[in-house]
Amino acid sequence: MRFLHTADWHLGRSFHGSSLLDAQAAWLDWLVDVARERQVDAILVSGDIYDRALPPLDAIALADRALSRLVDVAPVVAISGNHDSAGRLSFGAALLERAGVHLRTDPKRAGEPVMIDGTAVYAIPYLEPDLVRGPLGVGERGHAAVLGAAMDLVRADLAGRPAGTGSVVLAHAF
């Protein structure tokens, strides 16, 4: 399989008060061209789609256009990063999934892969330890503990799959 892995789009970011949106739009045009030219099987986005939890409307519109164009090339699997608001990014996720854009923002779903041509893509969003300890049933604090719990979900799912099932883990580093 051929994956195109991207991360840290930070749409809506400014630099010394100047918008970077035009440069970001040009980069996304390039990304779509690369995905098409390389005939990728899936596009992975490892979080930080936006630069902040409440992105400007023009950044949201740019993300919408980019995802719409990318999914015309191949399925997209994206996770929320530490700059994204997981709750806001997940709006419409069930509808988008039908179109081939798989947004994963819920840490409890780490063991539910997106299946792409027989390969299990496990998408683990950014795990803020104090926010996800409860939902993941983790007693101790820290990134290692919550990531370990998420990976336990992945391993449990993989154990129930046929031998030789391909797998990829997509996660956002802390």
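All figures in this text were calculated on a predicted structure; none of them were measured in a lab.
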*Salt-bridged, Asp106 to Arg109, with N to O below 4.0 Å?*
no
*asked:* Do Glu140 and Val146 have side chains that approach each other closer than 4.5 Å (heavy atoms only, starting at C-beta)?
replied: no
*Is there a path of hydrophobic side-chain contacts, each under 4.5 Å between heavy atoms of I, L, V, M, F, W or Y residues, that connects Leu11 with Leu89?*
yes
*Would you call Val71 and Leu67 a side-chain contact if the rule is heavy atoms closer than 4.5 Å?*
no
*For residues Asn82 and Asp48, determine if any side-chain heavy atom of one lies less than 4.5 Å from a side-chain heavy atom of the other.*
yes
*Asp130, CG atom: more than 12 neighbouring heavy atoms under 6.0 Å*: yes
*Taking the side chain as every heavy atom from C-beta outward, state whether Val168 and Leu44 have any atom pair closer than 4.5 Å.*
yes
*Salt-bridged, Arg133 to Glu128, with N to O below 4.0 Å?*
no
*With the side chain counted from C-beta on, respond yes when His143 and Leu127 share a heavy-atom pair under 4.5 Å apart, and no when they do not.*
no
*Any chance the side chains of Tyr126 and Asp84 put a donor and an acceptor closer than 3.5 Å?*
no
*Step through the shown structure and confirm whether more than 12 heavy atoms of other residues, nucleotides or ligands are within 6.0 Å of CZ on Arg161.*
yes
*asked:* For Arg36, is there an ion pair with Asp72 - N to carboxylate O distance below 4.0 angstrom?
replied: no
